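These notes are about the structure you will find just below.
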There are 2 protein chains.
Amino acid sequence: MYITKPTNVEIDEVTELFTQYLENNGYRKTPERYAILTEIYERNDHFDVEILFKHMKTCDMHVSKATVYNTLDLLTQCNLVAKHNFDGHVARYEKCHGVINHDHLICTEYGKTIEFSDNRIKSVTVELALHTDMEIHGHELIVHGRCKDCRTNQAHSPI
Amino acid sequence: MYITKPTNVEIDEVTELFTQYLENNGYRKTPERYAILTEIYERNDHFDVEILFKHMKTCDMHVSKATVYNTLDLLTQCNLVAKHNFDGHVARYEKCHGVINHDHLICTEYGKTIEFSDNRIKSVTVELALHTDMEIHGHELIVHGRCKDCRTNQAHSPI
DNA sequence: ATAGTTGCAAAAGCTTTGCAGTATG
DNA sequence: CATACTGCAAAGCTTTTGCAACTAT
């Protein structure tokens, strides 16, 4: 079991991958799509649509919310972005190219998120495939907790 | 790792527990609340509000959707019902009194759900508490897959 | 030129809220 | 008899959809 950190990836690398995905599937290479990709890869958090949409407003490139949803779908499909449902309320997203498989420990109170990786989770899913008629595609482990800062009422911000 | 099954619990037992919870917290013992509790404990599936609401319509006791939500909250608070976010779309619920801690393997295509239990998951969360400043409250592991019936296009129904 | 995309607004779907009427303690 | 609860409808929120205008190819 070890704690993992967001990795910095070259924008050029993911841009190239996105371009290939768009070309291979007959999608258009619009400036809006690249602007969103760039913004996402400059972030290190688990953002939702609203956060991303507001940040895009401050960029030189104006992007509508419909386009944000559309582009997030494309990026999710080509594995450049991962979508999560931490609380069943809003969907959260994170960049995921070149990122090690990880799960999330979330402070219920303030949303602080810690990423971790543990081989035992994968082992469980492999074993599950043996015991059932299911073909396993993936998993999502969400651990809920309360961070020290919340317990002591200190000022802090989510990661 | 082993597959778990829903257990049959005596209605009288959970009714008594619910009564105690209501009394201890100054809530009223309304027939609607007991009708919902009974309906839930007669089921063995992972239902959503809509399913439960429709079933209540067929009972002699009419219950509004607001009351369904209200009662599910109460039942969740006193640990007679567990709430899940399998797909980030609708909340799913299941009875959980006397039920062993378990996680879910879900067929993405049709919703078929298999319950399983594995001590390794708990071990991971315990270890997490040691490596971080978090106090762990619980976890939810959702494994996604595709069942054999889906792969062979056979008629089948979710559990 | 022609179709995929964007932006805006409206619609959809789940959940919560407000309020008048009702029933519990 | 006081007030918590129910039912209904309206409102809130996130996400999806429809359509005219636009633009990548």
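No experiment lies behind these values; they were computed from the predicted model shown. The chains referred to below are lettered A, B, ... by the order of the sequence lines, with proteins before strands, and numbering in each begins at 1.
- Between Thr30(B) and Val49(B), the residue anchored nearer the 5' end of DNA chain C, judged by the nucleotide with its closest heavy atom, is Val49(B).
- Near DNA chain C, meaning a heavy atom under 4.0 Å from it, residues 63-82 of chain A has Val63(A), Ser64(A), Ala66(A), Thr67(A), Asn70(A) in order of number.
- Rounded to an integer number of Å, the gap from CZ of Arg92(A) to C1' of dT14(D) is 13 Å.
- For the segment residues 31-40 of chain A, residues with any heavy atom less than 4.0 angstrom from an atom of DNA chain C are, sorted by number, Glu32(A), Arg33(A).
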Dump the intermediate steps for side-chain contact (heavy atoms from CB on, under 4.5 Å) on Asn44(A) and Asn8(A), then the final yes or no. CA-CA 9 Å; Asn44(A) 281 318; Asn8(A) 272 327; 4.3 Å; yes
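- The salt bridge (charged side-chain N to carboxylate O under 4.0 Å, His left out) test with Asp133(A) singles out one residue from Arg146(B), Lys112(B), Lys148(B), and that residue is Lys112(B).
- Ring geometry for His84(B) versus Phe86(B): interplanar angle under 30°, hence parallel rather than tilted (30 to 60°).
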Check against side-chain contact (heavy atoms from CB on, under 4.5 Å), Ile40(B) and Leu72(B): CA-CA 10 Å; Ile40(B) 290 173; Leu72(B) 282 171; 3.7 Å; yes
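- His102(A) and Glu94(A) are linked by a side-chain donor-acceptor pair at a separation below 3.5 angstrom, with hydrogens and angles left out of the test.
- Ion pairing of Arg151(B) with Glu109(B) is absent here, as no side-chain N (NZ or NE/NH1/NH2) approaches a carboxylate O to less than 4.0 Å.
- When the P atom of dT15(D) is taken as reference, atom NE2 of His89(A) falls 9 Å away, rounded to whole Å.
- Contacts with DNA chain C (heavy atom under 4.0 Å) in residues 17-28 of chain A: Tyr27(A), Arg28(A), listed by number.
- In this structure, CG of Asp48(B) is placed 8 Å from P of dT15(C), rounded to the nearest angstrom.
- Relative ring orientation between Tyr34(A) and Phe18(A) is described as perpendicular, the plane-to-plane angle rising above 60° on a 0-90° scale split at 30° and 60°.
- A 6.0 Å sphere centred on CG of Asp73(A) holds more than 12 heavy atoms belonging to other residues, nucleotides or ligands.
- Phe53(A) places its CZ atom 15 Å from the P atom of dT16(D), with the value rounded to the nearest Å.
- Of the residues listed (Arg92(B), Lys65(B), Lys57(B)), the one engaging Glu50(B) in a salt bridge (charged side-chain N to carboxylate O under 4.0 Å, His left out) is Lys65(B), and it is the only one.
- A single hydrophobic cluster is seen to contain both Leu80(A) and Tyr69(A), as judged by linkage of ILVMFWY side chains at heavy-atom distances under 4.5 Å, directly or through other members.
- Atom pair Asn85(A):CG and dC14(C):P shows a separation of 15 Å (rounding to whole Å applied).
- Per the geometry, CG belonging to Asp87(B) stands 15 Å off P belonging to dG13(C), to the nearest Å.
- Between Met61(B) atom CE and dC5(D) atom C1' there is a gap of 13 Å when expressed in whole angstrom units.
- For His89(B) and Asp48(B), the side-chain atoms include no donor-acceptor pair closer than 3.5 Å.
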